[in-house]
Participant: 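I'd like to ask some things about the structure below.
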Amino acid sequence: EAEDAQVALDVMAQTPCDVIFCDIQMPGRDGLWLTAELRKLYPMSAVVLATGVSSVPPRISMQAGVLAYLVKPFTRQALLASLSTAVQWVEDTKTHG
């Protein structure tokens, strides 16, 4: 857990994660900036973005490395489905490079 994008990068440096859940709106740098940084530094990690907007704009939906979007408020089923998609992507990426 991290309160902003820089702290998230610091946490990842200490304990890299296979799956990252990130809000698009956050204090300081936004989730899109964080996603780009994560993709550069941790290309084998999957990113799931959360948003309060019901339709995801193309500049966001085309963001490389984003495997799923959760529209707030999201259900437990949506959270688990996005986690499953992300975990499968990580496993496939590790297996097939």
Side-chain angles (χ1 to χ4, degrees):
E1 187 174 332
E3 62 267 13
D4 63 34
Q6 188 56 57
V7 172
L9 290 177
D10 295 342
V11 169
M12 281 292 287
Q14 295 295 318
T15 311
C17 302
D18 286 338
V19 178
I20 299 105
F21 285 89
C22 175
D23 201 326
I24 292 174
Q25 296 292 330
M26 54 179 32
R29 303 272 190 168
D30 66 17
L32 299 177
W33 178 87
L34 177 57
T35 298
E37 292 300 304
L38 291 168
R39 300 307 311 141
K40 286 190 278 189
L41 298 169
Y42 307 96
M44 302 293 274
S45 294
V47 178
V48 176
L49 286 177
T51 180
V53 180
S54 61
S55 63
V56 180
R59 76 176 186 88
I60 296 172
S61 64
M62 302 298 285
Q63 182 83 13
V66 177
L67 296 182
Y69 297 93
L70 293 169
V71 177
K72 297 184 276 182
F74 47 84
T75 64
R76 180 184 171 131
Q77 287 105 345
L79 176 66
L80 293 174
S82 67
L83 177 59
S84 178
T85 298
V87 167
Q88 186 63 52
W89 181 87
V90 169
E91 289 174 0
D92 291 348
T93 301
K94 288 181 178 179
T95 302
H96 300 101

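Keep in mind that the numbers below use all heavy atoms, side chains included, and drop hydrogens, waters and symmetry copies.
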Participant: Any heavy-atom pair between the side chains of Cys17 and Met12 that's under 4.5 Å?
Facilitator: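 Contact flag for Met12/Cys17 side chains = yes.
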Participant: Should Glu37 and Lys40 count as an ion pair when the cut-off is N to O under 4.0 Å?
Facilitator: yes
Participant: Under a single-linkage definition using a 4.5 Å side-chain heavy-atom cutoff for Ile, Leu, Val, Met, Phe, Trp and Tyr, are Leu32 and Val7 assigned to the same hydrophobic cluster?
Facilitator: no
Participant: When you measure from the side chain of Ser84 to the backbone of Leu80, do you find a donor-acceptor pair of N or O atoms at a distance under 3.5 Å?
Facilitator: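 The answer is no, because no donor-acceptor pair under 3.5 Å joins these two groups.
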Participant: Grab the two heavy atoms, one from Phe74 and one from Ala50, that are nearest each other, plus how far apart they are.
Facilitator: CE2-CB, 4.4 Å
Participant: Kindly determine whether Val47 and Leu67 satisfy side chain to side chain contact (heavy atoms under 4.5 Å, CB included), including the steps that lead there.
Facilitator: CA-CA 6 Å; Val47 178; Leu67 296 182; over 6 Å; no
Participant: Output the distance between atom CD (Gln25) and atom CG (Leu49), rounded to the nearest 0.5 Å.
Facilitator: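 With rounding to 0.5 Å, CD (Gln25) is 11.0 Å from CG (Leu49).
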Participant: Is the closest side-chain heavy-atom distance between Asp18 and Glu91 below 4.5 Å?
Facilitator: no
Participant: Do Asp10 and Gln14 come within less than 4.5 Å of each other through their side chains, counting heavy atoms only?
Facilitator: no
Participant: Determine yes or no for a side-chain-to-main-chain donor-acceptor pair under 3.5 angstrom, with Ser82 supplying the side chain and Leu79 the backbone.
Facilitator: yes
Participant: The test is side chain to side chain contact (heavy atoms under 4.5 Å, CB included); show your working for Asp30 and Leu34 and say whether it passes.
Facilitator: CA-CA 6 Å; Asp30 66 17; Leu34 177 57; over 6 Å; no
Participant: Within the distance-only criterion (no hydrogens, no angle test), does the side chain of Arg39 pair as donor or acceptor with the backbone N or O of Ser45 below 3.5 angstrom?
Facilitator: yes
Participant: Answer yes if Leu38 and Val66 sit in the same cluster of Ile, Leu, Val, Met, Phe, Trp and Tyr residues linked by side chain heavy atoms under 4.5 Å apart, and no otherwise.
Facilitator: yes
Participant: Under a 4.5 Å side-chain heavy-atom rule over Ile, Leu, Val, Met, Phe, Trp and Tyr, are Val11 and Val19 clustered together?
Facilitator: no
Participant: Closer than 3.5 angstrom, by distance alone: can the side chain of Asp23 be matched with the main-chain N or O of Met26 as a donor-acceptor pair?
Facilitator: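 Judged by distance alone, no pair lies under 3.5 Å.
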Participant: Any heavy-atom pair between the side chains of Met44 and Val90 that's under 4.5 Å?
Facilitator: no
Participant: Looking only at non-hydrogen atoms, find the nearest pair between Cys22 and Gly31 and report the distance.
Facilitator: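 Here Cys22 and Gly31 meet closest at SG-CA, 3.6 Å.
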Participant: Nearest 0.5 angstrom please: Thr35 OG1 to Arg29 CZ, how far?
Facilitator: 13.0 Å
Participant: Dump the intermediate steps for side chain to side chain contact (heavy atoms under 4.5 Å, CB included) on Phe21 and Leu83, then the final yes or no.
Facilitator: CA-CA 9 Å; Phe21 285 89; Leu83 177 59; 4.0 Å; yes
Participant: Do Ile20 and Val48 come within less than 4.5 Å of each other through their side chains, counting heavy atoms only?
Facilitator: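 Sidechains of Val48 and Ile20: no contact.
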